[in-house]
Amino acid sequence: MIGRLESLMKHDTAGDPITGLKWSRRTVAKIAAELKAVGIDVSPNTVAKLLKKLDFRPRVNRKKLSSGSGPERDQQFGYIAEVRERFARDGLPVISVDTKKRELVGLFKNPGTALRRQPILVNDHDFRSQAQGVAIPYGVYDEKANRGSVFVGTSHDTSAFAVESIEKWWRYDGRRRHPQTDHLLILADAGGSNSATRRTWKHALQTKLCDRHQLSVTVTHYPAGASKWNPIEHRLFSEISKNWAGEPLRSYETILNYIRTTKTATGLRVKAYLVKKQYPKSVKISDQQMQKLALEKHETLPKWNYTLAPREMGSNS
């Protein structure tokens, strides 16, 4: 029954990237009714007990949603689930991507606790001038393989940095793990360096991933304010946060080591890379460049869903 329940919940699950606790948009009564429809007669109370074993907890309303979500929010969740199922059925890779919280590198307080005889003394203020630098972890989580790759940038969280991280994941692991594929699904937030409205994000996907590797890329974005539903948050980032909880991130090597030693009993393994390249923030993509993209917007909520196809060699710009 546990396995059936996990399968039922997998596309309606959100999670806290710090604690790892999960929650769902469904009520226990609705879940019990769906289980009954497939021949598993169980009460809502039993469903609640089983969910607790899977680290789900009751949640109250919180004022965290962006005003931009609107009535299309539920429609987009349903569409994302549909696309994910289709890719899984066809044996095509699905990755979840996002940028983890920017960290100061040095003797700064890190949330959480760790067992030790004496506390570690850290700086009493988080002054950027006292840091060795900043760490910007961009993550790629391969759902089917339960593998994560984190690229720790040292300059700015730009679209170029995001896409180059995905492209490196494809070169290092993706094409080896999925040798027969010609189509990739990316689950991303609606904002940040992989924003649905950023021209630099779409242009970089076209030139650095699609054209270079002759790979079609479908992108579906979670609505604004819904980043916690992105699988990478509760399947990868939460585990990293728990692994380095209460430990000062003294150096880049310390950060990479904690990321690389993050693992779970369910088989999660993580790779980490330091990216020293400097990424400028003020990059502009012209209307002419956008018109040359092999971009097809989906009929369902085209502002959040689209596919980029590889172009012929020589048409890159």
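Please read these numbers as outputs of a predicted model, since none were measured by experiment. For the single chain, residues carry numbers from 1 onward in sequence order.
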- Query: Below 4.5 Å, heavy atoms only, C-beta onward: do Leu268 and Tyr141 meet side chain to side chain?
  - Reply: yes
- Aromatic ring pairing His178/Trp169, orientation class (parallel under 30°, perpendicular over 60°, tilted between): tilted
- Message: So Glu103 and Trp244, do their side chains get closer than 4.5 Å, heavy atoms only?
- Response: yes
- Are Asp173 and Lys271 ion-paired here, with the side-chain N under 4.0 Å from a carboxylate O? yes
- Message: If only side-chain N and O atoms count, and only distance matters, is there a donor-acceptor pair under 3.5 Å linking Ser241 with Lys100?
- Response: yes
- Task: Check whether any side-chain N or O of Asp142 sits under 3.5 Å from a backbone N or O of Arg147 as a donor-acceptor pair, and report yes or no.
- Result: no
- Message: For Thr154 and Gln278: C-alpha separation, side-chain torsions, deciding distance, then whether side chain to side chain contact (heavy atoms under 4.5 Å, CB included) applies.
- Response: CA-CA 7 Å; Thr154 58; Gln278 296 297 302; 4.0 Å; yes
- Message: By the definition side chain to side chain contact (heavy atoms under 4.5 Å, CB included), identify the one residue from Ile232, Val140, Leu236 that meets it with Val150.
- Response: Leu236
- Item | Test item: Glu233 side-chain N/O and Asn230 main-chain N/O as donor-acceptor pair under 3.5 Å | no
- By side chain to side chain contact (heavy atoms under 4.5 Å, CB included) - contacts of His156 (at least two apart): Thr158, Lys281
- Query: Are the side chain of Asp157 and the backbone N or O of Thr99 linked by a donor-acceptor pair below 3.5 Å?
  - Reply: no
- Would you say the side-chain atoms of Gln214 pair up with the backbone N or O of Pro310, donor to acceptor, closer than 3.5 Å? no
- Item | Tyr306 six-ring centre to Lys202 NZ/CZ under 6.0 Å and within 45° of normal | yes
- With sequence neighbours left out, what residues match Arg260 under side chain to side chain contact (heavy atoms under 4.5 Å, CB included)? Glu253, Leu256, Ala272
- Query: Should Thr262 and Lys242 count as side-chain neighbours, where that means a heavy-atom distance under 4.5 Å?
  - Reply: no
- Message: More than 12 heavy atoms of other residues, nucleotides or ligands under 6.0 Å from CD of Glu296: yes or no?
- Response: no
- Message: I'd like to know if the side chain of Gln132 and the backbone of Arg250 have a donor-acceptor N/O pair within less than 3.5 Å.
- Response: yes
- Message: I want to check something: taking the side chain as every heavy atom from C-beta on, are Ile259 and Val152 in contact at a cut-off of under 4.5 Å?
- Response: yes
- Message: To the nearest 0.5 Å, what is the distance between CZ on Arg175 and NE2 on His213?
- Response: 6.0 Å
- Task: Applying ring-ring contact (aromatic ring centres under 6.0 Å, His included), name anything that partners Phe87, two or more places apart in sequence or on another chain.
- Result: His183
- Task: State, to 0.1 Å, how close Lys297 and Pro302 come at their nearest heavy-atom pair, and which atoms those are.
- Result: CB-CB, 3.7 Å
- Rounded to the nearest 0.5 Å, how far apart are OG1 of Thr220 and CZ of Arg84? 8.0 Å
- N-O pairing of Asp211 and Arg311 below 4.0 Å: yes
- Query: Going from OH on Tyr222 to CG on Asp189, what distance comes out if it is rounded to the nearest 0.5 angstrom?
  - Reply: 9.0 Å
- Is there a side chain to side chain contact (heavy atoms under 4.5 Å, CB included) between Lys144 and Val94 once you walk through the steps? CA-CA 7 Å; Lys144 183 177 181 181; Val94 178; over 6 Å; no
- Query: Does the side chain of His298 come within less than 4.5 Å of Thr307's, by heavy atoms?
  - Reply: yes
- State, to 0.1 Å, how close Ala188 and Val97 come at their nearest heavy-atom pair, and which atoms those are. CB-CG2, 3.9 Å
- Query: Are the side chain of Ser193 and the backbone N or O of Ala160 linked by a donor-acceptor pair below 3.5 Å?
  - Reply: no
- Do Ser155 side-chain atoms and Tyr279 backbone N/O form a donor-acceptor pair below 3.5 Å? yes
- Note on the structure: Rounded to the nearest 0.5 Å, the CH2 atom of Trp229 sits from the CZ atom of Arg73 at a distance of 7.5 Å
- Item | Thr266: side chain to side chain contact (heavy atoms under 4.5 Å, CB included) partners, not counting sequence neighbours | Asn146, Thr264
- Query: Within the distance-only criterion (no hydrogens, no angle test), does the side chain of Glu167 pair as donor or acceptor with the backbone N or O of Ala162 below 3.5 angstrom?
  - Reply: no
- Decide side chain to side chain contact (heavy atoms under 4.5 Å, CB included) for Leu104 and Val134; before the verdict, give the C-alpha distance in whole Å, the side-chain angles of both, and the deciding distance to 0.1 Å. CA-CA 5 Å; Leu104 289 178; Val134 295; 4.0 Å; yes
- Message: I'd like to know if the side chain of Glu143 reaches the main chain of Ser96, judged simply by a donor and an acceptor atom lying under 3.5 Å from each other, with no hydrogens or angles considered.
- Response: no
- Just wondering, do Leu295 and Gln206 contact through their side chains at under 4.5 Å, heavy atoms? no
- Item | Ser195 side chain vs Ala190 backbone, donor-acceptor pair below 3.5 Å | yes
- Smallest heavy-atom separation, Asn194 atom then Asp98 atom, equals OD1-CA, 4.1 Å
- Minimum-distance pair of heavy atoms, taken over all atoms of Gln289 and Ile285: OE1-CA, 3.4 Å
- Message: For a quick test of reading the model, state the closest non-hydrogen atom pair linking Pro248 to Gly246 and the distance between them.
- Response: CD-O, 3.8 Å
- Message: Applying ring-ring contact (aromatic ring centres under 6.0 Å, His included), can you list everything that pairs with Phe151, at least two apart in sequence or on another chain?
- Response: Tyr273
- Atom pair CG/CD of Leu301 and Glu72 - distance to nearest 0.5 Å: 5.0 Å
- Side chains of Asn243 and Thr261 in contact at under 4.5 Å (non-hydrogen atoms): yes
- Taking salt bridge (charged side-chain N to carboxylate O under 4.0 Å, His left out) as the test, write out the residues that go with Lys277, two or more places apart. Glu164
- Between OH on residue Tyr79 and NE2 on residue His221, distance to nearest 0.5 Å: 12.5 Å
